[in-house]
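In what follows, chains are A, B, ... by sequence order, proteins preceding strands, each numbered from 1.
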Number of protein chains: 2
Amino acid sequence: MSTELRDLMKTAPLHQQIAETIRGEIQTGSLPTGSRLPSEHALAQRFGVSRGTIRQARASLRADGTIAGSQGRRLAVNRPQLTQSLTELLSFSAWTESLGKTPTSIVIESGVTGADEECAEMLELQTGSTVFHVTRVRLADNAPLMIERTAFAPVLIEPLSTIDLADSSIYAELDKHGISVASARHLLSAFAATKVDARHLGLTTGAPLLRVQRVGYSLHGEPLEWSDDRYRGDQINFGIENSSVVSGVVRRMSNQEN
Amino acid sequence: MSTELRDLMKTAPLHQQIAETIRGEIQTGSLPTGSRLPSEHALAQRFGVSRGTIRQARASLRADGTIAGSQGRRLAVNRPQLTQSLTELLSFSAWTESLGKTPTSIVIESGVTGADEECAEMLELQTGSTVFHVTRVRLADNAPLMIERTAFAPVLIEPLSTIDLADSSIYAELDKHGISVASARHLLSAFAATKVDARHLGLTTGAPLLRVQRVGYSLHGEPLEWSDDRYRGDQINFGIENSSVVSGVVRRMSNQEN
DNA sequence: GAGTGGTCTAGACCACTCG
DNA sequence: GAGTGGTCTAGACCACTCG
């Protein structure tokens, strides 16, 4: 029944605590990469729980790629993964801070405008609908890394009007209003810097930029924001980790034919 | 006990069949985006299985982001996702074919060479170890899309020597030898075309390319291949889908400082 | 053939949501 | 307070792996 464990940390469910414990053992090296995990039976005895609970814990470790295996064989510990929370991926501020650098912004332009065709399609609005538009240069330790052009859905105009766009994380501020981006779609491509891009990023026109176009959605699937972010190609890259189990990435051809 | 279902397709486990059935209903629109799924109890009755089996089916639908929800509320159907299997992501041939186009290759160079420092590190070898190197231009319907420089681990030299590199999918061929890439790491960046890149892709020097550096690993975590793929920036982009649950993507800064 | 993970059941209790 | 999903148990059978 594992009363000891249950008493220690009452909040989290058992299977989650067990998953965390195993994750910890992998991180400290007691379970090195390539080694095999104890059997489900052994783990069930060790933690004093049923096999079902162990399987739940292992499901979460499999889902994030920490372990892998197949029927009849003991599960193996994988290489450590490089993953980042969605918040860090979306928020330049959160990401920069997680690297120990100071994020700043220069607001080039902001205000309410009518949505152009592309923006309207992405935000699932009528062309010309009122959106809140912001163009910012984002810097880490005062070095310009990215230029960001974002349009926010009409429902966000009200809360956004009270935010200081220059130095705060928009996501952190929206969070306080109970609004958060639960999922997103990103489109990565290579792009030649325009004159404007180049000037703001300290590059020459035509320099290669990594372009990330993205739509952020609420928990209910409503589009909240549409953004065109252009990163200095010489400074930023994106890492993607896939296993044959989990794969959320797609290579696509641009639609300039047929 | 659901003998009908079990008899219909004996191979796949019940929970997988149920997940597929629900996926189908979402795709055909009987369960539209935003609608709520029937309760676990109702589904258990409908399919004649226990609640545990339904929960297994739903776990797989949650894992790939098809549905989402929280305790006490009925689960909601998400927007359709764009995902691609790892095979399609790795294999230019498989991907091109899935788009109804004909993949071809022009082999620029191939043969056994010594691994340079970067290659050796990626494949976890000693610098100078013998690897099999291939440089190919990849075309879809005769249009050049990508130039690919791949180094294969020593264990693959033997099987690769029998393959016709010009027109076959290396992955499909290796599969026949029982070798497959089970997971991979990708690094995406923007890159200015070199003179060589430009000539082979029909671009001007300095044109923006989408560069994908990747390492492919076997099921046991051994590196099998290291590749530097450069896509025409005007033709190819990568789509990434994330939810706050699953996220395998990371933004990184290049390591040209401290 | 022993061990192991994959599947499935039937039932219990709890926390949360909703009207 | 009824409905719903989250957690957990105890036990069963099966397919696969390994020596």
Side-chain angles (χ1 to χ4, degrees), chain A residues 1-22 31 35-63 66-78 178 219-220 244-245, chain B residues 1-22 31 35-63 66-78 178 182 219-220 245:
Chain A
M1 239 143 273
S2 159
T3 29
E4 325 88 49
L5 242 181
R6 223 193 279 273
D7 285 354
L8 261 169
M9 16 175 169
K10 281 204 176 108
T11 39
L14 271 176
H15 68 89
Q16 207 171 306
Q17 294 174 31
I18 293 168
E20 273 319 304
T21 306
I22 296 176
L31 288 170
S35 72
R36 303 212 164 265
L37 247 61
S39 76
E40 293 183 352
H41 182 74
L43 287 171
Q45 285 218 317
R46 170 176 161 202
F47 290 103
V49 299
S50 78
R51 208 182 133 214
T53 305
I54 294 295
R55 286 190 63 79
Q56 258 184 297
R58 293 176 80 145
S60 114
L61 295 172
R62 291 193 88 138
T66 314
I67 58 174
S70 55
Q71 203 176 26
R73 303 182 58 190
R74 296 252 287 273
L75 299 186
V77 178
N78 277 342
L219 189 60
H220 309 294
S244 36
V245 188
Chain B
M1 239 143 273
S2 161
T3 28
E4 326 85 50
L5 241 183
R6 223 192 280 271
D7 287 352
L8 261 168
M9 17 175 167
K10 280 205 175 103
T11 39
L14 272 176
H15 69 87
Q16 207 171 307
Q17 295 173 31
I18 293 169
E20 273 320 304
T21 306
I22 296 176
L31 288 171
S35 72
R36 304 215 162 262
L37 249 59
S39 75
E40 293 183 352
H41 182 74
L43 288 171
Q45 286 217 316
R46 171 178 159 199
F47 289 103
V49 298
S50 78
R51 208 183 133 212
T53 306
I54 294 294
R55 286 189 65 77
Q56 259 184 296
R58 294 176 80 145
S60 113
L61 295 172
R62 290 193 88 138
T66 313
I67 57 173
S70 55
Q71 205 177 26
R73 302 181 60 190
R74 295 255 285 274
L75 299 185
V77 178
N78 277 343
L219 189 60
H220 309 296
V245 189

Is a side-chain N or O of A:Glu40 found less than 3.5 angstrom from the main chain of A:Arg55, in a donor-acceptor match?
no
Give none if C:dA2 has no partner; otherwise give the nucleotide forming a Watson-Crick or G-U wobble pair with it, both distances under 3.5 Å.
D:dT17
Take the protein atom CZ of B:Arg62 and the nucleotide atom P of D:dG5, then report the distance between them rounded to whole Å.
10 Å
What are the two closest non-hydrogen atoms of A:Ala57 and A:Ile18, and how far apart are they?
CB-CG2, 3.9 Å
Of A:Gln71 and A:Ile54, the one whose nearest nucleotide on DNA chain D sits closer to the 5' end is A:Ile54
When the distance from CG of A:Leu43 to P of C:dT4 is rounded to whole Å, what number comes out?
11 Å
Quick one: label A:Arg55 by what it contacts on the DNA or RNA (base, sugar-phosphate, nothing), any heavy atom closer than 4.0 Å.
base
Does B:Ser50 have a side-chain nitrogen or oxygen under 4.0 Å from the phosphate oxygens OP1 or OP2 of C:dG11?
no
Take the protein atom CZ of A:Arg51 and the nucleotide atom P of D:dA12, then report the distance between them rounded to whole Å.
13 Å
Starting at atom CD of A:Gln56, determine the distance to atom P of C:dC8, rounded to an integer number of angstrom.
16 Å
Please state how far atom NE2 in B:His41 lies from atom P in D:dT4, giving the value in whole angstrom units.
8 Å
Between D:dT7 and A:Thr53, is there an OP1 or OP2 to side-chain N/O distance shorter than 4.0 Å?
no
Categorize B:Arg58 for me: base, sugar-phosphate, or nothing, with a 4.0 angstrom heavy-atom threshold over every strand shown.
sugar-phosphate
How close or far is atom P of D:dT7 from atom NE2 of A:His15, stated in whole angstroms?
4 Å
Nucleotide D:dG6, atom P - distance to CD of A:Gln17 in whole Å:
18 Å
Find out whether A:Val49 and A:Gln17 are in side-chain contact, i.e. whether some heavy atom of one side chain is under 4.5 Å from a heavy atom of the other.
no
Test side chain to side chain contact (heavy atoms under 4.5 Å, CB included) applied to A:Ser39 - qualifying residues, sequence neighbours left out:
A:His41, A:Ala42, A:Arg74
Report the distance from atom CG of B:Leu75 to atom CG of B:Leu61, rounding to the nearest 0.5 Å.
9.0 Å
Please give, in whole Å, the distance from D:dT7 P to A:Leu14 CG?
10 Å
